[in-house]
Structures are given as structure tokens and as C-alpha cells.
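Computed over heavy atoms, backbone and side chain alike; hydrogens, waters and symmetry mates excluded. Computed from a predicted structure; not experimentally measured. Indexing begins at 1, ligand by ligand and atom by atom, following the structure's order.
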Amino acid sequence: MATRKKNDRPLAPGAPASERPALSEPARPRGPLPPKPDQAGPDTVTATGVPTGVAPEAVAQQGKYLTTAHGTRLRDSDHSLRAGARGPALLQDHHLREKVSHFDHERIPERVVHARGAAAHGTFVANGAARNICAARFLRRGASTPVFVRFSTVLGSRGSADLARDTRGFATRFYTDEGNYDLVGNNIPVFFIQDGIKFPDVIHAGKPHPDREIPQAQSAHDTFWDFVSLHTEAQAHTIWNMSDRGLPRSFRTMEGFGVHTFRLANAKGDTSLVKFHWKPRLGVHSVTWEEAQLASGADPDYHRRDLADAIEAGAYPQWDLGVQVMPDDQDGYYEGIDLLDPTKFVPEEQVPVQVIGTMTLDRNPTNYFAETEQVAFNPANLVPGIDVTNDPLLQARLFSYLDTQLTRLGGPNWNQLPINRAHVPINDMLRDGFHQSAVHGGVAPYRPNSLDGGCPFTAGAKDGAFIEVPETVAESVKERRAPTSFDDHFSQVSLFYRSMTPVEQDHIVAAYSFELAKCFEEPIRVRQLAALANVDAGLCARVAQSLGLDAPEATVPPADQEVSPALSQVGGRWPLDGRQVGVVIGEDSPAKDVSTVLAAFDNAGVTPLVVAAHGGTVAQTTVQRTFATAASIEFDALVVVGAPGPAPDAQPSVDAKAGAAPAAPVDPRVVKLLQETWRHCKAIAAVGDPTALEVAGVSTDAPGVSVGTADEVTDGVLAGLAMHRAWERFPAG
Ligand code: HEM
């Protein structure tokens with residue numbers, strides 16, 4: 001597990017009051033950070049814009065002064081050059097034009113999908129378990145490879161909210177010593193469509209309606225449900241979205257999947273078919289729908305902030321990379337599952353996931369645009385030992401990413417951007433084009449040539465060349481047709497639903513009920529109910545009842561089949577790294593109890609955030625959130641120390657006091673915090689006085705609720721956090 005650097009965390013909770021950052025104090029000094037020498041990528045330009053190769057003294061000098069883009073020092077960047085103090089601006093003002101013109105062109109097109117994202121740098125270390133199946137050098141035992149990972153939502157635009165119900169992208173670039181390898185996956189192991197030719201259709205259906213461009217970043221609207229109810233192969237992915245997987249607690253608590261089946265080859269050329277899995281060490285956890293809606297208003301940057309804060313606090317997220325390995329008999333089936341159909345997954349009970357290495361994310365990007373926005377992943381970026389299969393979705397992806405990046409990144413040279421540059425020498429014969437920044441030598445960028453000594457040479461297998469796995473392509477008819485095995489649209493949807501625990505099934509019912517109730521056209525709701533009848537009669541009946549419609553009979557009755565408990569995310573005890581607990585205090589809270597609680601959480605690697613009526617110091621403790629700024633979604637648990645009375649700003653005015661009702665014993669905003677925390681099934685505790693819990697209607701003997709001494713309740717809260725939620729309380733009124 002990641003070790004915590006206690007002294008550089010954003011809110012230094014265990015520190016004495018004098019050392020703790022005060023209310024609203026930023027996590028770290030804002031403004032440009034000096035580039036760390038070991039953090040500069042394989043770039044020719046450093047973070048300050050100084051080309052490498054410039055003498056250090058000159059760099060130090062130049063870094064002091066504001067310059068034009070061509071390096072001339074500037075005397076004034078606040079006033080335009082004008083014909084007199086009250087006269088017109090002059091065309092001659094090159095600096096004005098350069099500054100404004102560059103600003104005019106600051107935005108680039110956002111990604112056509114997955115526009116909103118957050119990313120981090122890290123390292124992947126292989127354990128060598130893949131040696132028998134894959135020749136890729138970065139999978140050799142002990143090999144350590146730099147990675148860059150971008151997490152994203154799919155449907156929303158770049159400024160949309162993180163907690164929309166949606167699929168999450170999980171794209172990983174490995175900067176291997178054989179070139180870049182991109183594993184461009186999602187947090188859901190199946191996809192909406194079986195053939196990439198349908199991608200524009202599903203995305204057009206999911207994106208906002210073209211007339212009003214609403215709703216933003218969500219699937220709860222007519223066109224989405226119109227498509228998935230008509231094109232029933234989409235039912236598989238849709239039920240995962242309607243489940244808790246569509247609302248991750250954090251990027252750090254998501255699984256990742258390569259989705260497609262890939263073909264691996266070992267050094268002897270033996271091949272196998274694999275599915276890739278990322279398993280988060282923190283477990284797979286989600287938030288409730290109400291929290292998602294609250295977060296979309298109170299903190300639309302919820303996931304982005306969580307990832308950056310956790311890394312900054314030293315709670316480095318980790319994932320194990322695993323593979324399910326199936327024999328490659330080149331027909332692409334495994335025990336009746338079509339491995340070329342990306343709407344199907346292989347249950348882990350049938351083929352266990354074998355861990356082949358571990359990834360740790362430990363560095364936030366220095367510049368969002370240069371790294372997170374300009375990174376250009378591509379499933380076609382492969383290294384020797386990893387090859388594609390004939391999955392028709394994957395085949396289309398091999399074209400689409402490079403094609404879209406031509407527009408998004410303004411021409412064909414984005415591979416030269418620091419974040420995209422491979423950590424190996426590049427010796428291609430690609431030349432010129434927009435944003436070319438290389439100065440190529442030689443006169444013969446073609447092969448064969450005799451003028452540049454015949455260089456560069458091509459490589460053989462021994463020299464580490466990428467060689468496609470030879471595959472027999474059977475004599476076949478050229479046609480637009482899917483195999484009949486692609487016709488099964490329901491059996492695994494049914495398997496998924498029936499593998500869920502009751503509380504997870506409740507969430508799924510609620511999600512379908514909400515989304516379909518947001519559809520205006522009744523025929524769409526009726527058609528989706530017909531699809532649900534083929535998944536599970538109980539699911540269909542509950543959603544139908546909520547919509548006030550009749551539940552139809554199944555046209556393809558679901559078969560009895562083994563369930564897959566591995567699909568459920570409920571159960572287990574998990575590490576607490578990066579979890580946050582709200583500690584609500586009042587003027588009369590015993591300072592000793594407050595410090596005991598803070599110290600206990602700090603020692604457990606949990607971040608306590610002190611919440612009080614006002615900023616500054618309360619009960620000898622520095623306050624980090626006031627009742628006005630605290631939001632329950634920020635906390636994984638809530639502890640009340642003493643009875644936090646109403647805030648000064650909630651007191652009746654002097655004039656009103658005469659006839660006013662006596663002040664409430666607990667500030668109403670604390671009551672709201674407690675009620676939301678209760679409804680979201682998070683751990684709640686009171687040190688000593690349980691009045692606040694009682695006023696909020698929190699049952700003090702319910703699961704996940706503890707009342708007692710500071711030591712007793714922190715133990716209770718830590719145990720509750722390890723289980724993520726006390727789901728026994730769901731649905732809490
Ligand atoms: C298993 C199916 C798929 C998965 C797992 C997947 C995953 C992803 C991810 C994670 C990203 C974001 C990359 C980033 O962070 O920069 C992305 C972007 C994108 N995907 Fe997919 N995708 C899938 C299917 C498709 C298909 C079928 C197409 C087209 C035929 C497609 C086209 C795109 C495009 C155009 C982008 C934007 C790329 C950019 O602007 O850099 N995807 N996809």
C-alpha cells in the first residue's frame with residue numbers, strides 16, 4: 001500500500017492548531033511550481049518554456065523576466081501602445097496583437113467523446129507472471145515502466161460534472177522501452193455496440209439533443225433510451241451504467257477493463273487470448289444517486305479533486321493489472337462465450353484473473369492542458385507481444401483515434417508533444433505538416449534509398465520489431481453481417497442483474513425508474529420494459545410499477561444460469577487511504593476529545609476536516625469548513641463532538657429577538673449534514689452528547705452509528721469506513 005507523507009498533505013489534520021492550514025487555505029501555494037528536474041518529460045521545452053540545451057545561467061536569468069513569445073524582455077504588459085494617453089491603439093503594437101491573438105486561439109476542440117477527464121503520472125512494475133504468455137519487455141519480472149493514466153466520463157462536455165451517471169474511461173499509457181503501449185479501456189467490461197460502425201449512432205443518441213443541446217452529460221433522456229431499446233445489444237452495457245458502477249466514489253475505487261479480447265504472443269510465438277483487468281487496491285466503491293446529484297451542484301469537480309488531493313497527500317492509488325487467459329484456438333470462443341463480441345464478459349469464476357503487475361499513481365500533472373488535454377491515446381499503439389483480435393469494435397477503433405486527433409490536435413504531429421512522445425528514439429519518415437517541431441536531417445526520407453546510407457533500417461523479430469501474429473483468415477465471403485452468436489443480447493444482462501446483492505438490485509431498479517421517467521415518449525418506456533422482461537421478470541415488474549405501466553411478458557425468457565458473485569461490489573474490508581471524515585465541533589466541544597479524534601484519524605491515514613460555525617479557531621482547533629461551506633458529499637463519515645449550537649449568523653437579530661422562538665439546540669445545517677450522511681449509509685458518530693443525532697433523527701443503535709468516548713467512536717467509524725457503507729440502512733428515509 002502507498003505510504004503517506006504526513007507532512008505534505010493538504011489539510012495537515014493531526015497538527016497542532018498553530019500549524020494546521022486555516023479555513024479555505026489552498027492545499028499548496030498556488031502559482032507556477034518550479035519544474036522538478038526529474039519530472040521533466042522527454043521534451044525539448046521545460047515547464048517554463050525554456051528549450052533544453054540553454055545554459056543554466058541564462059535559464060535562471062530568463063525565468064525572472066516577462067518576455068514576448070520570441071524571447072525579448074518586456075517593459076510593460078498592462079498598457080497598449082496608443083497614440084497618446086486618450087488616443088487609439090496602434091497597429092504597430094506587436095505585443096498587444098501577440099498577447100490577444102494567442103489568447104484568441106487558446107482553446108482547442110474538446111474530445112468528441114470522453115471530453116471531461118483527469119489524469120496522473122505513475123509507474124507500473126511487472127511481477128513476471130506474464131512471462132509464459134507475453135514477450136512484451138515491460139511485463140518482465142521487476143521491469144518498471146512510467147505510465148500516464150487519464151480517467152474520464154464519456155458523454156459530457158469538458159466543463160460538465162464529474163458525477164454524472166455514465167461510463168468512465170480508464171486510459172493508460174505505458175512508456176515502455178519498446179515504444180508506447182496504450183491500454184484504452186473503461187470501468188465497465190462490456191460495450192454498447194458490437195461493431196464500431198455503430199459508434200456514431202450510440203454517441204449521437206447519448207449526447208444532448210441536437211435542437212436545444214440538453215440534457216448535458218447524462219443518459220436520462222429520450223434519444224438515449226430510444227436507441228438502446230431499439231438496438232438491444234446495448235442492453236448489456238446499459239445495465240452496468242444503471243448499476244452502482246455508473247457512479248464511482250472515486251477514480252481510485254474503480255476497476256478498469258480492456259473490454260476487447262487481445263491476442264498475446266510469447267517469445268516462442270505461442271499465442272493466447274486475454275481480457276485485461278485493473279483491480280483497485282482500495283476496492284470498488286460507489287456513491288448513491290442522491291450524493292451524485294448533490295455533488296453535481298456542490299462540487300462538480302468531485303472526482304478530479306479527489307484524485308489530485310489523494311496524490312498530493314501521499315495516498316497514492318494503486319491497481320493490480322490482471323489477465324484472464326483463454327486458449328487461442330483461433331475460432332474466438334471460450335465455453336460458449338464469443339470472445340470477439342465486446343458486449344460479453346467472461347465471469348471470473350470461470351476464468352480467474354491472474355495478476356501480472358501493479359500500477360501506482362504518484363504524481364499530479366503540472367499543467368492540465370499540456371498533459372491531460374493533449375495526451376492522445378490510441379488502441380493501435382501496441383508493442384511486440386500484444387496484438388489485436390478481429391473484434392469488429394476494436395477494428396474500427398484502430399482507425400478512429402488517429403483520425404480524430406488530426407483535428408483535435410491540429411495536424412499530424414501530436415506525437416511530438418511532450419506527453420505523447422515515446423521514451424525511445426523515434427526514427428520515422430514522417431515529415432513536415434502543421435506544428436512540426438523537429439528539424440529533420442538527411443535528404444532521403446524514403447525507402448529504399450542509397451543517399452542516406454539506406455537508413456534507417458527495418459528490424460527483425462530478434463531486434464524487437466513489432467510483427468503481427470500470423471492468423472489464418474479463412475476463405476470467406478465479403479459481406480456486412482455479424483455471426484449468429486452476436487444475436488444473444490440478454491443472457492449476460494440477466495446474469496449481471498441476478499449476481500447483484502439485494503441493495504445493488506434496489507439501486508438498479510431506482511436508476512431505470514428515474515431515467516425512464518425522464519423520457520417524454522411513452523412508447524420508448526414501453527419498449528425498454530419489453531427489453532427488461534427478457535432480463536428478469538422481477539426487475540421489469542418493479543420498474544413498470546414505478547412508471548405506472550404494465551409489465552410485459554418476456555419474448556426471450558431468461559434462462560437459469562450460475563450467478564457470478566465477483567460482479568458484486570458489496571462486502572469486504574478495504575484500506576482507508578485518502579478517505580475524508582467531517583468532524584463537527586462547537587464552542588463547547590472538549591478540546592481534548594477533538595484532538596483525540598483528529599489524531600486517531602490521522603494515524604489511520606484518513607483525512608479529518610474540522611467543521612464549525614465559523615472560521616478561525618474553535619475549541620482550540622483550526623476550522624477547515626464552516627456550516628455554510630461544508631457539504632456532506634465531501635465526507636465518507638461524520639463525527640459530532642459535543643453539541644454544535646447554531647452559528648452566530650443563524651441567531652435572530654436584536655429586533656426580532658423579543659418575539660423569536662428559542663434558538664434550536666443544533667444548527668439546522670448540521671442537522672442537514674447528519675440527515676444526508678444517514679441517508680447515504682455512511683458511518684456517523686457522536687462523542688459524548690448524542691443530541692445532534694437525535695435532533696437529526698439518526699437512530700443511535702442503527703448499523704454504522706456509534707455514540708461513546710472519543711476512542712470508542714473513532715474505532716467504530718474506522719470499521720465503518722473499511723466497509724464503505726452500512727447498506728443495511730438503505731433505503732433510509
Ligand atoms: C470498448 C470500446 C471502447 C472503449 C473502452 C473506449 C475508450 C475510450 C477512452 C478511455 C477514451 C478517452 C481517451 C482519453 O482519455 O484521452 C476514448 C476516446 C475516444 N474514443 Fe473510444 N472507446 C471505445 C470505443 C470506441 C469506438 C468504437 C470508437 C470509434 C469507432 C471510439 C472513438 C473514440 C474517440 C474518437 C475518442 C476521442 C479520442 C481523442 O480525441 O483523443 N471509441 N475512448
Which atoms of ligand 1 sit under 4.0 Å from any heavy atom of [X]?
{"X": "V112", "value": "35 (C)"}
{"X": "L393", "value": "1 (C), 2 (C), 27 (C)"}
{"X": "G185", "value": "5 (C), 10 (C)"}

Across all chains, not counting sequence neighbours, the side-chain hydrogen bond (donor to acceptor under 3.5 Å, both in side chains) partners of R150 are none
message: Checking D391 now: which residues fulfil side-chain hydrogen bond (donor to acceptor under 3.5 Å, both in side chains) with it, not counting sequence neighbours?
response: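 Scan of D391 (side-chain hydrogen bond (donor to acceptor under 3.5 Å, both in side chains), adjacent residues dropped) gives H260.
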- Task: Please identify each residue that fulfils side chain to side chain contact (heavy atoms under 4.5 Å, CB included) with N534, with sequence neighbours left out.
- Result: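 Result, side chain to side chain contact (heavy atoms under 4.5 Å, CB included) vs N534: F490, A554, T555, V556.
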Check your understanding: Within 45 degrees of the axis of the six-membered ring of W319 and under 6.0 Å from its centre: does R281 put its NZ or CZ there?
Key -> no
#### Entry: cation_pi(R168, F251) dist<6.0 Å, angle<=45
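Negative - R168 is either too far from the ring of F251 or too far off its axis.
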What is the nearest protein non-hydrogen atom to [atom], stated with its residue, atom name and distance?
{"atom": "atom 13 (C) of ligand 1", "result": "F377 CD1, 3.9 Å"}
{"atom": "atom 5 (C) of ligand 1", "result": "N186 ND2, 3.1 Å"}
{"atom": "atom 16 (O) of ligand 1", "result": "R111 NE, 2.8 Å"}
{"atom": "atom 41 (O) of ligand 1", "result": "R408 NH2, 2.8 Å"}
{"atom": "atom 15 (O) of ligand 1", "result": "R150 NH1, 2.7 Å"}
{"atom": "atom 38 (C) of ligand 1", "result": "T404 CG2, 3.7 Å"}

How does I193 reach ligand 1, if at all, at less than 4.0 Å between non-hydrogen atoms: by side chain, backbone, both, or neither?
->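 It is neither part, as no heavy atom is under 4.0 Å.
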Note to self: Using the ring centroid of each side chain, check whether F496 and W240 are separated by less than 6.0 Å.
What the structure shows: yes
Less than 6.0 angstrom separating the ring centers of Y401 and F377, yes or no?
no
Under a 3.5 Å cutoff, is there a donor and acceptor pairing between the side chains of Q194 and D341?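 D341 and Q194 do have a side-chain donor-acceptor pair below 3.5 Å.
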Practice problem: Indicate the ring-plane relationship of F199 and F191, choosing parallel, tilted or perpendicular according to the 30° and 60° boundaries. | Solution: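 Because their plane-to-plane angle is under 30°, the rings of F199 and F191 count as parallel.
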Which label fits F174 and F138: parallel for a plane angle under 30°, tilted from 30 to 60°, or perpendicular past 60°?
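The rings of F174 and F138 sit tilted, inter-plane angle from 30° to 60°.
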Polar contacts were defined as any N/O atom of the residue lying under 3.5 Å from an N/O atom of the ligand; does this apply to Q405 and ligand 1? yes
D226/R527 ion pair, N-O < 4.0 Å:
yes
Review point. So what's near atom 21 (Fe) of ligand 1, protein N, O or S atoms under 2.8 Å?
Key: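 Correct list: Y401 OH.
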